[in-house]
Structures are given as structure tokens and as C-alpha cells.
Amino acid sequence: MRPPRRLLPSAAALLACMVAAAAGAAAPGARAAGDGWSAVPARGDGAEGRPYAYLEGAPGTVLEDRLSVVNRAGRPLAVTLSTADGIGDWIALAAPRVTVPPRTRADVPFSVTVPGGAPPGEHTARIVVRSDTGTASRAQKARTQEARAQEARAQEARAQQARAQQARTQEVRIRLRVAGPTLAALTVEDVSIRAGEIHYTLVNRGNTVLAPRLALRAEGLFGTVLDRTARALPLRLRPGQRAELTEPWPGPPSLDSVDVRLTVTADGRAARGVRAEAEASAVFAEWPWAAAGCALAAGAAYGAARLLRRAMGRAGRVTGRAGQTARRDRERDDAR
């Protein structure tokens, strides 16, 4: 984690004064970890709980916000903070490590510096908050084990269970919209069909986050063999992101040649009109059906050959009898 840059000048003092009263101050929608702590975007004045921190700004600006770490337990909570994904490098935290007293809340300021050449549209990142109180718990249990071995074994068992709860990671999502024209574009690539699955890749070619929807249709030699109406896919594509996906196809044809068409659209006002299509072909020939087909074709060919030979034999016999009759006629004419 690099040192914070261009952060609030009084960030440390602000962080200290923002340690406020306990669990009741958490956002209504906060996700509580199993050991009684949570990390969420801080609430503004009179604002409801936020599912993510949303910021807007032009290239070259510095934007500021806060996240809240709520400790509902009766012991201090030590957490480390880091950034990940997308524009994580644009984010500076007031402190990479925070200790929250029992039954209190700490608000941690952070800033987002939008580079001068940042592309317009939506950008995302995550602030990862990890509880590391398990380390102190292990050391304490080790000392107890040295003092009283039997009691320490029982305490160690309880400590292992507590560490499983304390080794929690929570995330605060960041969504940033950089001012400028919005471009929504999407492509479907690398479509293939194998082992009863349809594999494909979605690529966000624009500068806004997309929520894609997928429709499937497959045509065989004798009509439609697959028809799935558009449904939302369980992902959001960030600008420039590639996602390799698989669509199950249980019970594909046993003996057929099919053409599969994938049609992808996107939800949202900014994505209106986004549409991408791609196709792939496949031949299905499972062994029993293929063997039966080959046997049927071979039988048909053999029968046709027999019929042809019989027809040729009959034609030859007719031709021979006609020739004999003609010779007898000529011999009679000569005798006269």
C-alpha cells in the first residue's frame, strides 16, 4: 500500500474524532460479520445506508468520502484496509490500519484522485477491510497454554472457532462516474460448443458499466432445437473487462447439425441500444445413433445396388432374346 497522496490535511484528526457511539450507529443495510463487525460506506447527513460509495467528477479532480468500521463486540477490533480492482490505484486511504474500541464505530476518510486523462464513464473499485484480531488471540492462547496446559487446550479449541469467525474480509464498493460522453459497446467472442456446453466471451468495449442479458437460439436440420428468451446474467461488466462464460445445454441433439446464435443486450438507460450477436456451428453424432445412421445408409446403398444389378440383368436378357430373334429372321430370308 503506497502512502496516501493529496488526502485531507486533517485526516488523522478527523479519523480520531469520528470514533463514535456503538452498533446503533451502523447503516441499516450494513452486513454484519459473524464476530460482530461490519464495514460499509459512511452515511451522510440524514442519508440512508448506502450499498456502495458513489462519486462523480471531471478528470483532474480530487473527490472525498468515508467508510465506517463498526465494532459491535466487547473487545477491540484491529483491521487493515487496502484497495483492489479497477481504479484502486486512484484511491488513497487516511490510514491502512485502524483499531476500533469495543462497541464503537470508526469512520475512515479516503480520497479518489481522477487522473487528467481518465476516460469518461463509469469506473469501479473495492476497499477491502480485513479483521486481523485473530493474531492477538493466538498469542494470548499460547501464553495461557504455557501457564495451564489443560485449560489452554480447551481455550485453544474455543480460540480456533473464534479465529474462524474473526478471519473475515468485507468490502466497500466504489463507483465513480467521470464526466464526459458515455459510450456503451459490447462484443460476443470465442463462441464454441462442446460437451453439452456453450462457451463464449463477453467484452465491454465502452466506458460504462454494463449489466448484460443473454438470449439463445439453435436451429437444426429439422427445426429449432433450443430457444431461450433473454435473461439477466449474474455479473456486471466494467469498461474493458472480459468475462469468459459457459451456458449449460442439457440434452443436446444426438444426431444433428446445428447453428447456435447468441444475442446479448444490456440493461440501463446508458446501455440503451446495445446489442451484440455471434454464431457457432456444431455436429452432434453420438455413437449409437451414428452407428445406426451408418448402418441405415449402408443398407440403403446395398439395396440400391441389388436393384440396379437386377435391372441390368433383365435388360441384358431382353437384349439377348431380341438378338436371337433377329438372327433367325435373317436366316429365313436367306433361305428363301
Are the side chains of [X] and [Y] in touch, meaning some heavy atoms are under 4.5 Å apart?
{"X": "P181", "Y": "P120", "result": "yes"}
{"X": "R261", "Y": "D259", "result": "no"}
{"X": "T208", "Y": "L183", "result": "no"}
{"X": "Y200", "Y": "E244", "result": "no"}
{"X": "V203", "Y": "L186", "result": "no"}
{"X": "L63", "Y": "V114", "result": "yes"}
{"X": "V98", "Y": "L81", "result": "yes"}
{"X": "V62", "Y": "V112", "result": "no"}

Measure the spacing between [atom1] of [X] and [atom2] of [Y] and express it to the nearest 0.5 Å.
{"X": "R275", "Y": "T265", "atom1": "CZ", "atom2": "OG1", "result": "7.5 Å"}
{"X": "L262", "Y": "L202", "atom1": "CG", "atom2": "CG", "result": "8.5 Å"}
{"X": "L245", "Y": "D190", "atom1": "CG", "atom2": "CG", "result": "11.5 Å"}
{"X": "S111", "Y": "D65", "atom1": "OG", "atom2": "CG", "result": "10.5 Å"}
{"X": "I91", "Y": "T113", "atom1": "CD1", "atom2": "OG1", "result": "10.0 Å"}
{"X": "R175", "Y": "E122", "atom1": "CZ", "atom2": "CD", "result": "4.5 Å"}

message: Is there a path of hydrophobic side-chain contacts, each under 4.5 Å between heavy atoms, that joins L77 and V172?
response: yes
- prompt: Given the rule that I, L, V, M, F, W and Y join up when any side-chain heavy atoms are under 4.5 Å apart, are L176 and V128 in one cluster?
  reply: no
- prompt: Which residue pairs pass the salt bridge (Lys or Arg N to Asp or Glu O under 4.0 Å) test with at least one member in residues 198-211, sequence neighbours excluded?
  reply: E189-R205
Stepwise side chain to side chain donor-acceptor pair (under 3.5 Å) check, S38 with R72: CA-CA 8 Å; S38 61; R72 297 178 176 83; 3.2 Å; yes
- prompt: Got a salt bridge between R228 and E247, using NZ or NE/NH1/NH2 to carboxylate O under 4.0 Å?
  reply: yes
- prompt: Less than 4.0 Å between a side-chain N and a carboxylate O, is that true for E171 and R173?
  reply: no
Indicate the atoms forming the closest heavy-atom contact of [X] with [Y], along with that distance.
{"X": "L235", "Y": "A243", "value": "CD1-CB, 3.7 Å"}
{"X": "A179", "Y": "P59", "value": "O-CD, 4.1 Å"}
{"X": "V69", "Y": "W37", "value": "CG1-CE3, 4.3 Å"}
{"X": "D85", "Y": "R126", "value": "OD2-NE, 2.6 Å"}
{"X": "V178", "Y": "P119", "value": "CB-O, 3.6 Å"}
{"X": "A125", "Y": "G88", "value": "CB-N, 3.8 Å"}

message: Between L67 and V40, does the side-chain contact (heavy atoms from CB on, under 4.5 Å) criterion hold? Intermediate values first, please.
response: CA-CA 6 Å; L67 65 89; V40 294; over 6 Å; no
- prompt: Taking the side chain from N204 and the backbone from G240, do they hold a donor-acceptor pair closer than 3.5 Å?
  reply: no
field: Whether N71 side chain and P101 backbone form a donor-acceptor pair below 3.5 Å
entry: yes
query: Is there a donor in the side chain of H199 and an acceptor in the side chain of T246, or the other way round, less than 3.5 Å apart?
result: yes
query: Does the side chain of D107 come under 3.5 Å of the side chain of S68 through a donor N or O and an acceptor N or O?
result: yes
statement: For Y54, the hydrophobic cluster (side chain heavy atoms closer than 4.5 Å, chained through members) also holds Y52
task: Could you label the plane-to-plane angle of the F284 and W249 rings as parallel, tilted or perpendicular, counting under 30° as parallel and over 60° as perpendicular?
output: perpendicular
field: Test side-chain contact (heavy atoms from CB on, under 4.5 Å) applied to V209 and T124, step by step
entry: CA-CA 9 Å; V209 176; T124 61; 4.0 Å; yes
task: Could you walk me through whether V108 and F110 pass side-chain contact (heavy atoms from CB on, under 4.5 Å), step by step?
output: CA-CA 7 Å; V108 183; F110 65 89; 6.0 Å; no
Donor-acceptor contacts under 3.5 Å from residues 211-227 side chains, at least two apart:
residue	atom	partner	partner atom	Å
R213	NH2	A230	O	3.2
R217	NE	E219	OE2	2.9
R217	NH1	D227	OD2	3.0
R217	NH2	E219	OE2	3.1
R217	NH2	T224	OG1	3.1
E219	OE1	T224	N	3.3
E219	OE1	T224	OG1	3.1
E219	OE2	T224	OG1	2.8

